[in-house]
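Being a predicted model, the structure only gives us computed values, none of them experimental.
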Amino acid sequence: LMGEHGGAPFFLSYILCLFCIGVPLLVAEVVLGSHGRGSPFLSMSWATEVSGRSRLWLTVALLSCLAGFLLLVSYLMIAGWSLSYAYQQQLGLFAAISLTGAADYFTTELSLPAGLLRWQFLAAVCLVLVVSLGVRRGIGIFVWVAVPLLVALLGVLISFSVEFGDLSAAGNYLFAWQPMDFDRGSFMAALGHALYTLTIGVAAGMSYGAYAPDRLPIVRSVLTVALFDVVLAVAAGVAIFPLLFANNLMPAEGFGLLFISVPYAFGNMPFGDMYGGLFFLTVFIVTLGTAVALMEPIVSVLEQQFRLRRLPAAIAVSGSAFLLSAYATVDLSAAASGQGFLLWLDGVSSQFLIPAAVLLLAVFVGWRMPRELLRLS
């Protein structure tokens, strides 16, 4: 997105949107969760009752959980495929491969998706294992292990990228001042990405806020999350783009970048098999962590509203997401557009459900809740 929308102007707009719009919205979600002390529906139900407002405002929780579930399908696909590519990279499958060969491998995998589906199923099982143990025992331990591991892996990948990649070309692409490429659509892309990267509008903030200690400084905590998010995003760019430019590759979007350009770049670098495997392991950790954040609100709803035990609830959500992700994977090879069902999922969630949930959340917290209920510390 930075390279497409003018480099530095897009980055500055993203920072502005992240801290001036994204952070307040995430604070609002966490505050609701910290008061409601339950699932997103319980938190919104509490807020409507104490505010004397209509229960129609529960639509915020409904839209958020539905959007989170649709996004979960995509993340489950990427998590499974990343595991597959990490394994294949370690085996040396992409060593000295041509760009055409990498593209052909990806196309073949999609045309015979049984192998990818096995890895997606494994990712779904990992989701169940983490979420079924609860926020403190499952997700808490996962974060305690995953975040330091993620930082360490990124450090290793950045070191490799600086040594063997074209750092100056990557810097010119990402941070060049190109105002001619920046327009109103670029600003909207920056705003959308700011909301997307903090998982706003999918009820994750409300779910985690329900477990926040009473004296937690919410604003400072959310600001820390946003700052950490920016640092990791820039680190990821430094880790991968110099390698692409060193191999005379122009960055592509989506699956083409991740599963064609990246394996080719690592496959033609010294020690690329090992570092490529570490890269896809990093992608798996990131996507699994995001999938956990998307899944937790839905599981908490099933647990508290429908009286399901946590393990069956986690199996139900992860299993449903796996079935839809399996259909999306099969559809990728058959769709004329290349991404029929997947594009539909993304369009419904990012263009309708999330904007609607975010707008309703902002209106409710900003104009319908009594100010004395908004604990900001």
Side-chain angles (χ1 to χ4, degrees), residues 1-33 60 63-64 67-68 70-71 74-75 171 173-209 217-238 240-241 251 253-254 257 286-287 289-290 293-294 297 346-367 369 374 376:
L1 287 173
M2 287 175 64
E4 180 183 350
H5 294 288
F10 178 86
F11 182 70
L12 294 176
S13 299
Y14 167 72
I15 296 295
L16 180 69
C17 293
L18 190 74
F19 287 97
C20 296
I21 300 176
V23 165
L25 286 169
L26 186 54
V27 167
E29 285 196 4
V30 175
V31 167
L32 286 173
V60 174
L63 294 176
S64 297
L70 295 183
L71 288 178
S74 302
Y75 274 92
Y173 178 77
L174 291 173
F175 296 102
W177 188 265
Q178 300 289 346
M180 293 292 291
D181 295 331
F182 186 83
D183 53 21
R184 181 181 177 184
S186 301
F187 183 82
M188 295 306 297
L191 173 60
H193 195 59
L195 301 179
Y196 191 82
T197 192
L198 288 179
T199 59
I200 295 170
V202 293
M206 279 189 266
S207 292
Y208 291 139
I218 293 177
V219 175
R220 279 183 289 167
S221 298
V222 172
L223 283 171
T224 302
V225 169
L227 181 62
F228 188 65
D229 177 81
V230 172
V231 171
L232 285 186
V234 173
V238 174
I240 193 60
F241 280 97
E253 285 190 58
L257 169 65
V286 172
T287 51
T290 306
L294 294 170
D346 180 69
V348 171
S349 58
S350 62
Q351 297 178 26
F352 173 69
L353 294 176
I354 291 178
V358 166
L359 179 61
L360 290 174
L361 173 71
V363 171
F364 180 78
V365 174
W367 283 276
M369 280 188 71
L374 299 176
L376 301 179

Show me, pair by pair, the donor-acceptor contacts under 3.5 angstrom made by side chains of residues 349-358, not counting sequence neighbours?
{"unit_1": "Ser349", "atom_1": "OG", "unit_2": "Leu345", "atom_2": "O", "d": "2.9"}
{"unit_1": "Ser349", "atom_1": "OG", "unit_2": "Asp346", "atom_2": "O", "d": "3.2"}
{"unit_1": "Ser350", "atom_1": "OG", "unit_2": "Asp346", "atom_2": "O", "d": "2.5"}

Output all residues satisfying ring pair (Phe, Tyr, Trp, His ring centres under 6.0 Å) with Phe364, sequence neighbours left out; order by chain, then residue number.
Trp57
Residue pair Val31, Val365: steps toward the side chain to side chain contact (heavy atoms under 4.5 Å, CB included) verdict:
CA-CA 10 Å; Val31 167; Val365 174; over 6 Å; no
Measuring from Glu29:CD to Leu198:CG, what's the distance to the nearest 0.5 Å?
9.5 Å
Nearest 0.5 Å please: distance from the CG atom of Leu232 over to the OG1 atom of Thr197.
9.0 Å
dist Cys17:SG -> Leu25:CG (nearest 0.5 Å) comes out at 11.0 Å
Closest approach of Ile200 to Gly22 (non-hydrogen atoms, all atoms of both residues):
CD1-O, 3.0 Å
State which residues pass side-chain contact (heavy atoms from CB on, under 4.5 Å) with Ser186; sequence neighbours excluded, sorted by chain then number.
His5, Phe182, Asp183
For a ring-ring contact (aromatic ring centres under 6.0 Å, His included) with Phe175, tell me which candidate from Phe241, Phe10, Phe11 qualifies.
Phe11
Could you give the distance from CG (Leu257) to CD1 (Ile240), rounded to the nearest 0.5 Å?
7.0 Å
With sequence neighbours left out, the residues meeting ring pair (Phe, Tyr, Trp, His ring centres under 6.0 Å) with Tyr208 are none
Between CE of Met2 and CG of Asp181, what distance do you get to the nearest 0.5 Å?
13.0 Å
Donor-acceptor pair, Ser64 side chain versus Val60 backbone, under 3.5 Å?
yes
Would you call Leu63 and Leu360 a side-chain contact if the rule is heavy atoms closer than 4.5 Å?
yes
Counterpart residues, side-chain contact (heavy atoms from CB on, under 4.5 Å), relative to Val23 (two or more places apart):
Phe19, Val27, Val222, Leu223, Ala226
Can you list every side-chain hydrogen bond (donor to acceptor under 3.5 Å, both in side chains) pair that touches residues 9-19, not counting sequence neighbours?
Tyr14-Asp229
Heavy-atom closest contact (Ala176 atom, Pro9 atom, distance)
O-CD, 4.0 Å
